[in-house]
Amino acid sequence: MKIVLLGPPGSGKGTQCKKIAERFSVQHLSSGDILRQERAKKTEFGKKAQSYMDSGALVPDEVIVEMMTAAMEKASTKGFVLDGFPRTINQAQKLDATLKRRGQKIDAVLNLDANEEIIVKRITGRRSCPNCGAVYHIQNMKPKIDGVCDKCGSSLVQRPDDKEEVVKNRLKTYYAQTAPVIDYYKANIVVYNIDSNKDPDEVASVMFEKLDAFSGIQR
Ligand code: AMP
């Protein structure tokens with residue numbers, strides 16, 4: 001299965017993609033996570049991405065498309081769930097063209113919908129592990145020891161782009177450049193709109209209802 005998860009920053013894409021990956025044994029490919037790993041390793045991709053990410057702007061399409069095409073090539077044969085990619089219509093067109101050349105296509109698109117007040121609270125309260133990428137929240141998903149990652153023991157940090165002033169910019173970028181991708185997909189495929197204001201397990205059960213029926217047809 002090849003799934004795309006759309007939605008503004010803070011709508012829960014990362015959390016929900018992990019749940020989808022586990023249930024359907026597909027690979028979770030997060031463009032944001034890959035970029036952060038590239039930055040930590042100080043690669044060319046990472047260096048090119050840095051200033052865009054820190055200001056809440058989008059990294060240029062050519063960089064992202066090349067990086068995500070390579071990630072998809074390495075992905076498991078069972079498929080993948082894309083998190084944070086595509087983020088522009090141009091990226092979506094390039095993705096379609098790449099899959100078409102391989103005789104493949106996107107099977108399902110889900111759009112997570114959350115209101116802005118919830119989004120800002122979720123993002124500004126988020127704390128991340130710079131070592132293993134685990135994500136926590138200062139109110140809703142606390143680590144066992146304050147400020148310490150449960151999984152690897154590293155000190156948790158607030159991502160520079162999770163600070164309130166950058167979040168506002170990321171949302172502007174989302175509405176201007178990424179929201180139109182929803183209509184791009186709607187022209188070709190059913191897009192499932194999912195209310196993502198609720199708690200993550202409730203959101204997941206609605207999502208699974210759609211995907212279970214769909215994956216049943218696929219088998
Ligand atoms: P995320 O973790 O998905 O919120 O992504 C963090 C940042 O990485 C974004 O604010 C962008 O600067 C950059 N980024 C991630 N995915 C993309 C993409 N598909 N296109 C352009 N920039 C991206």
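We count ligands from 1, going down the list as the structure has it; atoms in each ligand are counted the same way.
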R159 near ligand 1, heavy-atom distance under 4.0 Å?
-> yes
Salt-bridge criterion met for R39 and D54 (N-O under 4.0 Å) | yes
Would you mind checking if E62 and K94 are paired as a salt bridge, meaning a charged N to carboxylate O distance below 4.0 Å?
-> no
Report yes if G84 has an N/O atom closer than 3.5 Å to an N/O atom of ligand 1; otherwise report no.
-> yes
Nearest protein heavy-atom contact for atom 20 (N) of ligand 1: which residue, which atom, what distance?
-> Q91 NE2, 2.9 Å
Looking just at side-chain N and O atoms, do E164 and T124 make a donor-acceptor pair shorter than 3.5 Å?
-> no
Residues D107, K2: salt bridge by 4.0 Å N-O rule | no
When distances are taken from atom 18 (C) of ligand 1, the protein heavy atom at minimum range is R87 CD, 3.4 Å
Which heavy atom of the protein is the closest neighbour of atom 14 (N) of ligand 1, given with residue, atom name and distance?
-> L35 CD1, 3.5 Å
Contact atoms of ligand 1, heavy-atom distance to S31 under 4.0 Å | 15 (C), 16 (N), 17 (C), 19 (N)
Ion pair check, K19 and E22, cut-off under 4.0 Å = no
Give the atoms of ligand 1, by number and element, whose distance to some non-hydrogen atom of D161 is under 4.0 Å.
-> 6 (C)
Would you please say whether a donor-acceptor pair under 3.5 Å links the side chains of N169 and Y174?
-> no
Using the six-membered ring of Y136, assess whether NZ or CZ of R126 lies under 6.0 Å from its centre and within 45 degrees of the ring axis.
-> no
Judging by distance only, is a nitrogen or oxygen of A57 under 3.5 angstrom from one on ligand 1?
-> yes
Before signing off on this row, confirm whether R36 and ligand 1 have an N or O atom pair separated by under 3.5 Å.
-> yes
Out of R170, Q177, M53, whose heavy atom is nearest to atom 7 (C) of ligand 1?
-> M53
How does V59 reach ligand 1, by side chain, by backbone, by both or by neither, if only non-hydrogen atoms under 4.0 Å count?
-> both
Any chance the side chains of T88 and D61 put a donor and an acceptor closer than 3.5 Å?
-> yes
